[in-house]
Novice: 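Pasting a structure below so you can have a look.
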Amino acid sequence: MTNNSLDEILDRYPPSREHLISILQDVQEMEGYLSREAIVRIAERLNMATAKIYGVATFYNQFRFQSSGKFHIMLCRGTACHVKGSSAALACLERELGIHPGETSADGLFSLEITPCLGACGLAPVMSVNGEIHSCVDELKIRTILADLRASAATDGDEL
């Protein structure tokens, strides 16, 4: 994010703490995540400690502190998905991607996030990739999806 684009966001709001969440949402929407630099600039503008801003941002699941991968995977861990095997799906994703929830793979292709519900309980366990729902995921289906995504990235000329 450029300083100008961050300034544009900050200029939309009075320098008041009551606008912190809106500012964080706007920054994340523009940047894809909350960078350290952005948090420092917000802290300066609102005359707040960066620790206070991190405290607010970490309280809400919506905020991320790393950029998402080209393929952002969200795995549902709601009750139905848990009962139907989402813990095995999570273990498979961690093994295959070499990352844990909240992380992005070194090649920048994959990011992994856990969500409490994707609203597709009848299709459990489910995961979404960039918003596309994949139902009844198991280890074989996950490996196939990941292979297809890697092939797609190679076709697009992305690093593997």
Side-chain angles (χ1 to χ4, degrees), residues 1-82 86-87 89-121 124-134 137 142 145-146 149-150 152-153 156 158-160:
M1 170 180 279
T2 66
N3 285 338
N4 290 340
S5 51
L6 180 55
D7 286 337
E8 289 172 14
I9 291 171
L10 292 171
D11 288 344
R12 282 186 249 167
Y13 299 95
S16 169
R17 296 172 185 218
E18 69 186 66
H19 300 287
L20 176 59
I21 292 176
S22 297
I23 292 169
L24 293 173
Q25 288 170 328
D26 288 355
V27 169
Q28 182 165 287
E29 184 177 332
M30 182 175 286
E31 193 174 36
Y33 68 108
L34 300 175
S35 68
R36 177 178 168 85
E37 296 78 19
I39 288 180
V40 167
R41 296 271 318 283
I42 293 165
E44 290 168 356
R45 180 67 66 97
L46 299 181
N47 195 27
M48 292 178 68
T50 55
K52 292 265 186 200
I53 293 174
Y54 276 111
V56 169
T58 57
F59 179 78
Y60 296 100
N61 284 345
Q62 67 180 299
F63 296 118
R64 293 183 301 278
F65 300 100
Q66 290 186 346
S67 61
S68 294
K70 176 178 177 127
F71 302 111
H72 184 66
I73 299 171
M74 295 178 68
L75 180 67
C76 181
R77 291 288 285 143
T79 303
C81 288
H82 176 74
S86 66
S87 57
L90 176 59
C92 177
L93 285 164
E94 289 176 328
R95 196 172 45 255
E96 294 293 318
L97 299 175
I99 60 174
H100 298 287
E103 297 178 347
T104 300
S105 60
D107 59 12
L109 285 181
F110 298 97
S111 54
L112 179 59
E113 183 178 344
I114 298 300
T115 185
C117 187
L118 285 172
C121 301
V126 297
M127 71 179 204
S128 86
V129 179
N130 295 348
E132 180 183 339
I133 297 291
H134 296 272
V137 293
I142 288 170
I145 291 166
L146 295 178
L149 293 171
R150 286 184 174 112
S152 167
D156 293 344
D158 292 330
E159 296 284 323
L160 291 179

Novice: Kindly determine whether Phe63 and Thr58 satisfy side chain to side chain contact (heavy atoms under 4.5 Å, CB included), including the steps that lead there.
Specialist: CA-CA 7 Å; Phe63 296 118; Thr58 57; over 6 Å; no
Novice: So, Arg45 side chain and Pro15 main chain: donor-acceptor pair closer than 3.5 Å or not?
Specialist: no
Novice: Can you tell me how far apart CD1 (Ile53) and CZ (Arg41) are? Round to the nearest 0.5 Å.
Specialist: 12.0 Å
Novice: Side-chain contact, heavy-atom cut-off 4.5 Å: Arg77 with Pro125?
Specialist: no
Novice: Show the nearest heavy-atom pair for residues Asp107 and Leu109, with the distance to one decimal.
Specialist: OD1-N, 2.9 Å
Novice: Report the C-alpha distance between Glu132 and Phe71 in whole Å, list the side-chain angles of each, state the deciding distance to 0.1 Å, and finish with yes or no for side chain to side chain contact (heavy atoms under 4.5 Å, CB included).
Specialist: CA-CA 10 Å; Glu132 180 183 339; Phe71 302 111; over 6 Å; no
Novice: Once you round to the nearest 0.5 Å, how far does CZ of Arg95 lie from CG of Leu93?
Specialist: 9.0 Å
Novice: Could you tell me whether a side-chain N or O of Ser35 sits under 3.5 Å from a main-chain N or O of Ala38, the two making a donor and an acceptor?
Specialist: yes
Novice: Quick check for you: to the nearest 0.5 Å, what is the distance between Phe110 atom CZ and Leu146 atom CG?
Specialist: 5.0 Å
Novice: Do Glu37 and Val40 have side chains that get closer than 4.5 Å, going by heavy atoms?
Specialist: no
Novice: What's the separation between atom OG in Ser67 and atom NE2 in His72, rounded to the nearest 0.5 Å?
Specialist: 11.0 Å
Novice: Please identify which of these residues, His100, Met127, Glu94, meets the side-chain contact (heavy atoms from CB on, under 4.5 Å) condition with Leu112.
Specialist: Glu94
Novice: Show the nearest heavy-atom pair for residues Val126 and Ala120, with the distance to one decimal.
Specialist: CG1-O, 3.8 Å
Novice: Does the side chain of Ile73 come within less than 4.5 Å of Ile145's, by heavy atoms?
Specialist: no
Novice: Which atom pair, heavy atoms only, marks the closest approach of Leu24 to Ala57?
Specialist: CD1-CB, 4.2 Å
Novice: Please examine the side chains of Ile142 and His134, heavy atoms only from C-beta on, and report whether any two atoms are closer than 4.5 Å.
Specialist: no
Novice: As an exercise, state the distance from CZ of Arg36 to OH of Tyr54, rounded to the nearest 0.5 Å.
Specialist: 6.0 Å
Novice: Looking only at heavy atoms, what is the nearest atom pair of Cys117 and Cys76, with distance?
Specialist: CA-SG, 3.6 Å
Novice: For Asp11, is the CG atom crowded, meaning more than 12 foreign heavy atoms sit under 6.0 Å from it?
Specialist: yes
Novice: Could you tell me whether a side-chain N or O of Arg17 sits under 3.5 Å from a main-chain N or O of Asn47, the two making a donor and an acceptor?
Specialist: yes
Novice: Apply the test side chain to side chain contact (heavy atoms under 4.5 Å, CB included) to residues Met30 and Leu6: give CA-CA distance (whole Å), side-chain angles for both, the deciding distance (0.1 Å), then the verdict.
Specialist: CA-CA 9 Å; Met30 182 175 286; Leu6 180 55; over 6 Å; no
Novice: For residues Leu97 and Ser105, determine if any side-chain heavy atom of one lies less than 4.5 Å from a side-chain heavy atom of the other.
Specialist: no
Novice: What is the minimum heavy-atom distance between Val137 and Ala89, and which atoms define it?
Specialist: CG2-CB, 4.2 Å
Novice: Run Gln25 and Ile21 through side chain to side chain contact (heavy atoms under 4.5 Å, CB included) and show every step you take.
Specialist: CA-CA 6 Å; Gln25 288 170 328; Ile21 292 176; 3.9 Å; yes
Novice: Hey, could you give me the CG/OG distance between Asp156 and Ser152, rounded to the nearest 0.5 Å?
Specialist: 4.5 Å
Novice: So Leu34 and Ile42, do their side chains get closer than 4.5 Å, heavy atoms only?
Specialist: no
Novice: Kindly say whether Thr104 contributes a backbone atom to a donor-acceptor pair with the side chain of Ser111 at under 3.5 angstrom?
Specialist: no
Novice: Among Gln66, Arg64, Lys70, exactly one meets side-chain hydrogen bond (donor to acceptor under 3.5 Å, both in side chains) together with Ser68. Which residue is that?
Specialist: Arg64
Novice: Is the shortest side-chain heavy-atom distance between Leu90 and Pro101 below 4.5 Å?
Specialist: yes
Novice: With heavy-atom distances below 4.5 Å as the criterion, would you say the side chains of Phe65 and Ile39 are in contact?
Specialist: yes
